[in-house]
There are 2 protein chains.
Amino acid sequence: MIPKRSKYAIKALTALAKVYRDKQHLSIATIAEQEKIPRKFLEAILLQLRNEGMVNSKMGASGGYYLVKHPDEIMLSAIIRSTGGPIALIPCVSLNFYEECVECPHEELCGLHEVMLEVREASIHILSKTSLADLILREKKLFRKSENSRK
Amino acid sequence: MIPKRSKYAIKALTALAKVYRDKQHLSIATIAEQEKIPRKFLEAILLQLRNEGMVNSKMGASGGYYLVKHPDEIMLSAIIRSTGGPIALIPCVSLNFYEECVECPHEELCGLHEVMLEVREASIHILSKTSLADLILREKKLFRKSENSRK
DNA sequence: TAAATATACTACTATTTTAATAGGATATAA
DNA sequence: TTATATCCTATTAAAATAGTAGTATATTTA
């Protein structure tokens, strides 16, 4: 599983993506309330994302956070990675949290290693082709679908 | 990530699968040494797998553990699940560790939920078609491949 | 039948990670 | 100058994970 901070980050950035076209920014408090994320925790998460250049901020009254890149260019895989979420199921096939297996003499001969690599590739394939913009689009489609089925 | 106990379980069961055709059993000590798993920890893991009916054991001198089913029928997904490893990346799309999102009013309208479902399906697809027998076969192939490339 | 060898079982501890909070410093707008 | 935000460091709380200890029980074998 990925940590909550990764999920919170995705939710918060999606909120920012929704106001991107209007060049608007949102305050931590606003996002926290909207997305039901603990305020102080969100603060720490956004601060980190800012230090990594994924968002920018404006201090002072009527300040807030805004996306640096277009929602089309921000991929889920990137968000998960920069908030410390491992995508792989075991450390020896993780790109960002790689750790050698103590027990494997040669990991290139390990069958489990090979299978877990395939799993990682399949996951990353989906997560790195899905952007914040895609997420918003999906939500619109899901909403329309539920509207239709209520008729 | 899945816990170490899941990985240890896969390694241990693979060791048992390798002697399955000879109807042999292996002692905890033997497996622990072979696979470099802490002895007492492995004991706890195998005991749990036994209580879930995945393996059986024989007490006393020259006792040990053995597989109940054919290595062809034991899938990685089943091992991971019965040792407490979540395959999904977030709780709201997990089959065995499901938890409702506090922040989502309607999870069927959540774009992230939908994407994470796809990731889970892709992972489970691979893990539930791969058996212990497949793992052993893969290892043989990897070994032959490395032999050839050394020529 | 005694010694050796294994599993069965319960309880405990230590470590690490994650989630979340506290509180003051700094910047900006109205 | 007051109100509103972000910035930043430090700390705490809770939970999960990994691993250990020790004793009871069963079975083989000499």
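When reading the values below, keep in mind they use all heavy atoms of this one structure, side chains included, and skip hydrogens, waters and symmetry mates. Order of the sequence lines sets the chain letters (A, B, ...), proteins ahead of strands, with each chain counted from 1.
Summarising the geometry, the separation between CG on B:Leu46 and P on C:dT7 is reported as 8 Å, rounded to the nearest angstrom. Following rounding to the nearest Å, B:Leu26 (CG) and C:dT5 (C1') show an atom-to-atom distance of 16 Å. Counting to the nearest Å, the P atom of C:dT7 and the CG atom of B:Leu16 are 11 Å from each other. Following rounding to the nearest Å, B:Met1 (CE) and D:dA18 (C1') show an atom-to-atom distance of 16 Å. Regarding A:Ile45, its CD1 atom lies at a distance of 14 Å from the P atom of D:dT6, rounded to whole Å. Spacing between atom CZ of A:Phe41 and atom P of C:dT18 amounts to 10 Å, rounded to whole angstrom units. When rounded to the nearest whole Å, the span between CZ of A:Arg39 and P of C:dG23 equals 14 Å. Atom CD1 of B:Ile28 is separated from atom C1' of D:dT20 by 14 Å (rounded to the nearest Å).
For B:Gln24, the side-chain contact (heavy atoms from CB on, under 4.5 Å) criterion is met by B:Val19, B:Asp22, not counting sequence neighbours. Taking A:Lys69 as the reference, A:Glu73, A:Ile74 meet the side-chain contact (heavy atoms from CB on, under 4.5 Å) condition, with sequence neighbours excluded. Remark: B:Glu35 pairs with no residue by the side chain to side chain donor-acceptor pair (under 3.5 Å) rule, at least two apart or across chains.
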Stepwise side chain to side chain contact (heavy atoms under 4.5 Å, CB included) test for B:Leu132 and B:Asp72: CA-CA 6 Å; B:Leu132 291 178; B:Asp72 260 335; over 6 Å; no
Checking side chain to side chain contact (heavy atoms under 4.5 Å, CB included) for the pair A:Val68/A:Met54: CA distance, chi angles, key distance, verdict? CA-CA 6 Å; A:Val68 168; A:Met54 189 159 281; over 6 Å; no
Contacts under 3.5 angstrom, residues 100-108 of chain A side chains, donor-acceptor by atom type, not counting sequence neighbours:
{"residue": "A:Glu103", "atom": "OE2", "partner": "B:Lys7", "partner atom": "NZ", "Å": "2.6"}
{"residue": "A:Glu107", "atom": "OE1", "partner": "A:Tyr98", "partner atom": "OH", "Å": "3.0"}
{"residue": "A:Glu107", "atom": "OE2", "partner": "A:Tyr98", "partner atom": "OH", "Å": "3.4"}

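For the pair A:Thr83 (side chain) and A:Ile80 (backbone), a donor-acceptor distance under 3.5 Å is present. Between the side chain of A:Gln48 and the main chain of A:Ser82, a donor-acceptor pair closer than 3.5 Å is present.
Of the residues in residues 29-37 of chain A, not one comes within less than 4.0 Å of DNA chain D through any heavy atom. Within residues 55-66 of chain A, the residues approaching DNA chain C are A:Lys58, A:Met59, A:Gly60, A:Ala61, A:Ser62, by heavy-atom distance under 4.0 Å. Residues of residues 5-13 of chain A that place a heavy atom closer than 4.0 Å to DNA chain C, in numerical order, are A:Arg5, A:Tyr8. Contacts with DNA chain D (heavy atom under 4.0 Å) in residues 75-104 of chain A: none are found.
Within a 6.0 Å sphere centred on CD of B:Glu52, heavy atoms belonging to other residues, nucleotides or ligands number more than 12. Around the CD atom of A:Glu121, the shell of radius 6.0 Å holds more than 12 heavy atoms that belong to other residues, nucleotides or ligands. Applying the 6.0 Å contact sphere to NE2 of A:His125 captures no more than 12 heavy atoms from other residues, nucleotides or ligands.
The closest side-chain donor-acceptor pair between B:Thr30 and B:Ser27 falls under 3.5 angstrom.
Using a cutoff of 4.0 Å between basic side-chain nitrogens and carboxylate oxygens, B:Glu118 and A:Arg138 are scored as salt-bridged. The pair B:Glu139-B:Lys18 counts as a salt bridge, with a side-chain nitrogen and a carboxylate oxygen less than 4.0 angstrom apart. A salt bridge links B:Glu43 with B:Lys40: the distance from a Lys NZ or Arg NE/NH1/NH2 to an Asp or Glu carboxylate oxygen falls below 4.0 Å.
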Protein-nucleic acid N or O pairs under 3.5 Å, nucleotides 8-16 of chain D:
{"residue": "D:dC8", "atom": "N4", "partner": "A:Glu43", "partner atom": "OE2", "Å": "2.6"}

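Applying the side-chain hydrogen bond (donor to acceptor under 3.5 Å, both in side chains) test to residues at least two apart or on different chains, the pairs with a partner in residues 54-66 of chain B are B:Arg50-B:Ser57. Each ring-ring contact (aromatic ring centres under 6.0 Å, His included) pair with one or both residues in residues 27-49 of chain A, not counting sequence neighbours, appears once here: A:Tyr8-A:Phe41.
One end of the helix from C:dT1-D:dA30 to C:dA30-D:dT1 points its axis 10° away from the other end's axis, with each axis taken from 5 pairs and the angle rounded to 10°.
Taking 4.5 Å as the limit, some side-chain heavy atom of A:Leu112 sits within range of a side-chain heavy atom of B:Leu76.
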